[in-house]
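Some notes on the structure that comes next.
Throughout, protein chains are lettered first and strands after them, A, B, ... in sequence-line order, and every chain is numbered starting at 1.
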Amino acid sequence: MEGWVYNTRSSGSVQFILLRDGTGLVQAVASRQSLSPESFALAKRLTHEASIRLRGRVREDARSPGGVELEVSDLELVGPSQDYPITLKEHGTAFLMEHRHLWLRSLRQTAILRVRATIVKAMRDYMDSQGFTLVDAPILTPAAVEGTTTLFPVEYFNETAYLSQSGQLYNEATCMALERVYCFGPAFRAEKSNTRRHLTELWMMEPEAAFFTYENNVRLQEGLICSIVEQVLTHRSRELEVLERNSDALRKVTAPFPRITYDDALQLLAEGGLELPWGEDLGAPQEAFLSCRYEKPVFLTHFPVACKAFYMKPDPHRPEVTLSADLLAPEGYGEIIGGSERIDSLELLEERIRQHNLPMEPYRWYLDLRRFGSVPHAGFGIGVERTVTWICGLEHIRESIPFPRMLEKMYP
RNA sequence: UGCCUGGUAGCUCAAUUGGCAGAGCGGCUGGCUGUUAACCAGCAUGUUCGAGGUUCGAGUCCUCGCCAGGCAGCCA
């Protein structure tokens, strides 16, 4: 076996080595009897996170954590490790973040990384199973789509390019080619948000489908979430245990999810003492209130036009609200998905761009999509990190991604 | 960006509220023939975030700054 020393314990002429490798932990036992004097001396000198190669016999032993152990017959030091900074005791967040590159080796962090990988695979598998084609959207984009303050500018030869905030507009183009598409990739937001739910670099999966209505869109979200939760429960129960995640709460996540309209939400909030005037967007306390109210994820639908992006289609029966559906994760985790049916009329889209004081020129290609065989279409974006945070039961989004990028924090 | 809390050994924290800066962990040395974040004995470790001020005396009080954490705002 090859791996790293997670911890050592000794008892005279028996040395216990907790060995960590890419699959987990196992106890190795090095005894004076069965090793050369040099190897035994080495076993006694081993430090936290030294890398070693060892040979031995696997046997059952009830005294070993996990019930199995490796009786070492040969031991070799691959790389030494002096004064490893992270101990098995408590550390503060700032210290751990400063040592994120090493913190990732811990049991808890590796469990999160595995759950994250399973979530990403579940997302892609589900979309593929529903006839969607993965189509990548560009990261470098030409224009400030919705004002420059939330975009990261980058030098692009003699002009300025911006890191993409979302692949959605491009998805609207590709879904007119392949009908059902999704993009999967990073998105960048230069917002000065300093909260436990915001990153400046995040990953999103964004489906977009031609001929999809509001209702199709909601159903797709529901199916996706159920599939993700099911895959994690099936394949990552051990990791959820390491994370001390209450998996009963996850087992309750079954379709259909409750839906509440914006109007109903205001009513519920008022009853809870969190009144909000019609037309105002929900704040963090309001979102948390609604998120805690249900055991399942809950859809918030039909938000006022003023709260939402310019491209969202108004409800034909009530033009002051949109055909939007956002999904709030339960247990206070809040929004993980934002989506809607999109405007398919050229005239209305032009009007909205003007109303939002956006320049028309950068949207020329986007408007073309309404000139050449425009169809009803809908889509959404799901934040990978927010989903991981919820499913793993994390307190802060920073643990949901290997190297989080947050307001003014870029090291390591 | 605002509000709240904090900054003391490598780490996590204490220091009788203004009177000798200390403990656990980690490290090092030694002991222990089955350890379970092992245990036992010993050793080393400080610009108390920075600048200024009050005071006989400041880790402790005051002012400013820096940094961190939490909350909120901002947020397709």
Contacts under 3.5 angstrom, residues 264-272 of chain A side chains, donor-acceptor by atom type, not counting sequence neighbours:
{"from": "A/D264", "atom 1": "OD2", "to": "A/T261", "atom 2": "OG1", "distance (Å)": "3.3"}

Is it the case that the side chains of [Y] and [X] hold a donor-acceptor pair, with the cut-off being a distance below 3.5 Å and no angle test?
X      : Y      : value
A/T150 : A/Q165 : yes
A/D128 : A/Y182 : yes
A/E206 : A/Q168 : no
A/R245 : A/S247 : no

Nearest-nucleotide comparison on RNA chain B, the residue closer to the 5′ end among A/D281 and A/T8:
A/T8
Specify the residues of [range], ordered by number, for which at least one heavy atom lies under 4.0 angstrom from an atom of RNA chain B.
range                       : answer
residues 21-36 of chain A   : A/Q27, A/Q33
residues 53-71 of chain A   : A/R59, A/D61, A/R63, A/S64, A/P65, A/E69
residues 376-399 of chain A : A/H396, A/R398

Regarding A/F95, tell me which of base, sugar-phosphate or nothing describes its non-hydrogen contacts under 4.0 Å with the strands shown.
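Answer is sugar-phosphate: A/F95 comes under 4.0 Å of backbone atoms only.
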Please write out the pairs of protein N or O atoms and N or O atoms of nucleotides 72-74 of chain B separated by less than 3.5 Å, giving the distance to one decimal.
{"from": "B/G73", "atom 1": "OP1", "to": "A/A284", "atom 2": "N", "distance (Å)": "3.4"}
{"from": "B/G73", "atom 1": "O6", "to": "A/N194", "atom 2": "N", "distance (Å)": "2.8"}
{"from": "B/G73", "atom 1": "N1", "to": "A/K192", "atom 2": "O", "distance (Å)": "3.0"}
{"from": "B/G73", "atom 1": "N2", "to": "A/K192", "atom 2": "O", "distance (Å)": "3.3"}
{"from": "B/C74", "atom 1": "O2", "to": "A/S193", "atom 2": "OG", "distance (Å)": "2.7"}
{"from": "B/C74", "atom 1": "N3", "to": "A/S193", "atom 2": "OG", "distance (Å)": "2.7"}

Any side-chain N or O of A/K409 below 4.0 angstrom from OP1/OP2 of B/G69?
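So the side-chain polar atoms of A/K409 do come within 4.0 Å of the phosphate oxygens OP1 or OP2 of B/G69, strictly under.
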Using the [atom1] atom in both, what is the distance from [N] to [M], to the nearest Å?
N     : M     : atom1 : result
B/G27 : B/U12 : C1'   : 16 Å
B/C40 : B/U45 : C1'   : 22 Å
B/G19 : B/G30 : P     : 42 Å

Has the side chain of A/S10 got a donor or acceptor that lies under 3.5 Å from a partner of the other kind on the base of B/C32?
yes
For B/U17, does the glycosidic angle fall within 90° of 0 (syn) or outside that (anti)?
syn
Could you work out, with salt bridge (charged side-chain N to carboxylate O under 4.0 Å, His left out) as the rule, every residue matching A/R124, not counting sequence neighbours?
none
Checking A/R371 now: which residues fulfil salt bridge (charged side-chain N to carboxylate O under 4.0 Å, His left out) with it, not counting sequence neighbours?
A/E350, A/D368
Contacts of type ring pair (Phe, Tyr, Trp, His ring centres under 6.0 Å), residue [X], not counting sequence neighbours:
X      : value
A/H377 : none
A/F95  : A/H91, A/H99
A/F132 : none

Charged tip of A/R370 within 45° of A/Y366 ring normal and under 6.0 Å:
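The answer is yes; both the distance and angle limits are met.
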Against the six-membered ring of A/F303, is A/K308 placed for a cation-pi contact (under 6.0 Å from the centre, within 45° of the normal)?
yes
If you check the A/A309 side chain, which of B/C11, B/A76, B/G34 turns out closest?
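So the nucleotide nearest the side chain must be B/A76.
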Heavy atoms from C-beta onward define the side chain here; which of B/C75, B/U35, B/U33 lies closest to that of A/V14?
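The listed nucleotide nearest to A/V14's side chain is B/U33.
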Listed pairs under 3.5 Å, donor-acceptor, residues 1-12 of chain A side chains, sequence neighbours left out:
{"from": "A/E2", "atom 1": "OE2", "to": "A/R53", "atom 2": "NE", "distance (Å)": "2.8"}
{"from": "A/E2", "atom 1": "OE2", "to": "A/R53", "atom 2": "NH2", "distance (Å)": "3.4"}
{"from": "A/N7", "atom 1": "OD1", "to": "A/H48", "atom 2": "NE2", "distance (Å)": "3.0"}

Write out a two-atom table: protein N or O, nucleotide N or O from nucleotides 24-28 of chain B, distance below 3.5 Å.
none

